[in-house]
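Only a predicted model underlies this, so the values are computations on that prediction, with no experimental measurement involved.
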Amino acid sequence: MSPVPQLQRHIVPSALSASFAWLARDVNLIQKAGAKSVQIDVMDGHFVPNITVGPVVVESLRRETTIFLDVHLMIENPLEYLGPFAKAGSNLLTAHWEACKDPLAVVHEIKKLGVLAGMAIRPKTNVDVLFPILKELDYALVMTVEPGFGGQAFMPEMLEKVRILRRKMDEAKLHCELQVDGGINAKTAGLAAAAGATSLVAGSAVFGATDPAKAFQSLQKLLQ
């Protein structure tokens with residue numbers, strides 16, 4: 001099984017805000033700057049209104065970089081696509097609780113494929129849906145924007161979900177990454193970290209900057 005990036009709190013640049021024409025270049029740029037992982041947002045036009053990439057892009061990127069590939073599946077029927085994305089070289093597959101008929105079965109299937117397993121919830125979903133499967137997860141993801149598009153404003157009311165999950169994880173002594181995704185920048189990264197997040201996904205704040213490498217390093221320093 002792929003190792004979890006070894007940092008107490010780390011920024012995960014989101015490739016959604018990178019140049020898809022130069023995806024490998026941009027990913028390798030932030031890896032050289034110190035990034036341990038990059039998130040690939042997979043959208044199908046059904047679960048969310050946007051469409052992005054499939055396994056073929058993950059496979060192509062895998063050949064060009066050694067970075068940890070955090071693949072966020074914002075798609076319907078994720079169970080049907082786990083195999084292709086695992087085979088393509090994903091290190092982590094995170095499905096959405098709302099898209100799973102049986103979330104635990106999805107988690108178990110991901111692990112059978114030798115990949116780390118994550119489960120995400122969108123803003124409208126109550127955090128307690130994750131409690132029954134929390135001990136099975138490698139990553140629990142709280143969306144701090146509505147999934148589907150980059151560049152959205154951070155929803156501070158989602159921080160209470162992060163705090164609740166942090167308490168649950170600490171009480172059960174779980175070694176699970178607590179990830180937040182959406183609107184992470186220099187103003188919000190500290191808030192998410194203080195609430196208990198360990199993995200913070202940042203898209204436009206990194207790749208939308210004039211110097212993505214410097215922007216990543218600046219955000220990472222805020223967490224240290």
Side-chain angles (χ1 to χ4, degrees), residues 1-12 14 36-44 47-48 55 58 62 67-144 147 158-182 192-193 195-201:
M1 182 174 288
S2 305
V4 176
Q6 295 299 307
L7 283 175
Q8 285 297 313
R9 291 193 179 107
H10 52 282
I11 295 294
V12 181
S14 170
K36 303 300 182 184
S37 61
V38 65
Q39 187 171 93
I40 309 297
D41 292 304
V42 178
M43 306 180 190
D44 63 357
F47 183 73
V48 293
V58 175
R62 177 78 291 162
I67 201 168
F68 182 97
L69 295 181
D70 170 343
V71 178
H72 182 184
L73 301 174
M74 291 179 255
I75 61 176
E76 293 182 354
N77 304 313
L79 194 59
E80 297 180 19
Y81 300 96
L82 299 177
F85 277 105
K87 185 178 179 181
S90 305
N91 298 108
L92 162 67
L93 289 173
T94 297
H96 265 266
W97 182 88
E98 302 88 356
C100 300
K101 294 178 181 178
D102 185 343
L104 188 57
V106 171
V107 171
H108 286 166
E109 183 60 27
I110 293 172
K111 292 190 172 185
K112 284 181 184 177
L113 293 166
V115 178
L116 296 180
M119 190 63 62
I121 54 172
R122 62 197 316 168
K124 68 180 181 181
T125 303
N126 198 306
V127 69
D128 63 8
V129 302
L130 293 179
F131 295 171
I133 62 172
L134 204 52
K135 66 180 181 180
E136 303 286 342
L137 296 177
D138 298 299
Y139 278 69
L141 168 55
V142 174
M143 292 297 298
T144 43
M158 295 299 110
L159 290 175
E160 183 57 23
K161 292 182 181 181
V162 179
R163 295 186 190 99
I164 291 169
L165 283 175
R166 179 78 276 150
R167 287 195 295 269
K168 284 283 184 180
M169 290 176 180
D170 290 347
E171 288 169 2
K173 298 181 180 179
L174 300 177
H175 300 289
C176 176
E177 290 277 358
L178 179 45
Q179 190 171 73
V180 295
D181 181 3
T198 57
S199 176
L200 292 79
V201 180

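Between Leu104 atom CG and Glu136 atom CD the span is 5.5 Å, to the nearest 0.5 Å. With rounding to the nearest 0.5 Å, the separation of SG in Cys176 from NZ in Lys135 is 13.5 Å.
Ring-plane geometry between His72 and His96 is classed as parallel, the angle between the planes falling under 30 degrees on a 0 to 90 degree scale with a further cut at 60.
Across Leu178 and Gly196, no two heavy atoms sit closer than the pair CD2-O, 3.6 Å.
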Pairs of donor and acceptor atoms involving the side chains of residues 113-121, under 3.5 Å and at least two apart or interchain, shall be tabulated with distances.
none

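Between the side chains of Ser14 and Asp181, not a single donor N or O lies within less than 3.5 Å of an accepting N or O.
Of the residues Val201, Leu200, Leu159, the one that meets the side chain to side chain contact (heavy atoms under 4.5 Å, CB included) test with Val180 is Leu200.
With salt bridges taken as basic N to acidic carboxylate O contacts below 4.0 Å, one links Glu160 and Arg163.
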Subject >> Pair Glu98-Val129, side-chain contact (heavy atoms from CB on, under 4.5 Å): steps then yes or no >> reply: CA-CA 10 Å; Glu98 302 88 356; Val129 302; over 6 Å; no
Subject >> From CA spacing to verdict: side-chain contact (heavy atoms from CB on, under 4.5 Å), Phe131, Ile164 >> reply: CA-CA 10 Å; Phe131 295 171; Ile164 291 169; 3.7 Å; yes
**OP:** Could you check Leu79 against Asp102 for side-chain contact (heavy atoms from CB on, under 4.5 Å), going step by step and ending with a plain yes or no?
**Re:** CA-CA 9 Å; Leu79 194 59; Asp102 185 343; over 6 Å; no
Original post:
Run the side-chain contact (heavy atoms from CB on, under 4.5 Å) check on Leu82 and Leu73 step by step: do they pass?
Top reply: CA-CA 9 Å; Leu82 299 177; Leu73 301 174; 3.8 Å; yes
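Residues passing the side-chain contact (heavy atoms from CB on, under 4.5 Å) test with Ser199 are His10, Val12, Tyr139, Glu177, Gln179, sequence neighbours excluded.
Side-chain contact between Val38 and Leu69: present, with at least one pair of heavy atoms (C-beta onward) separated by less than 4.5 Å.
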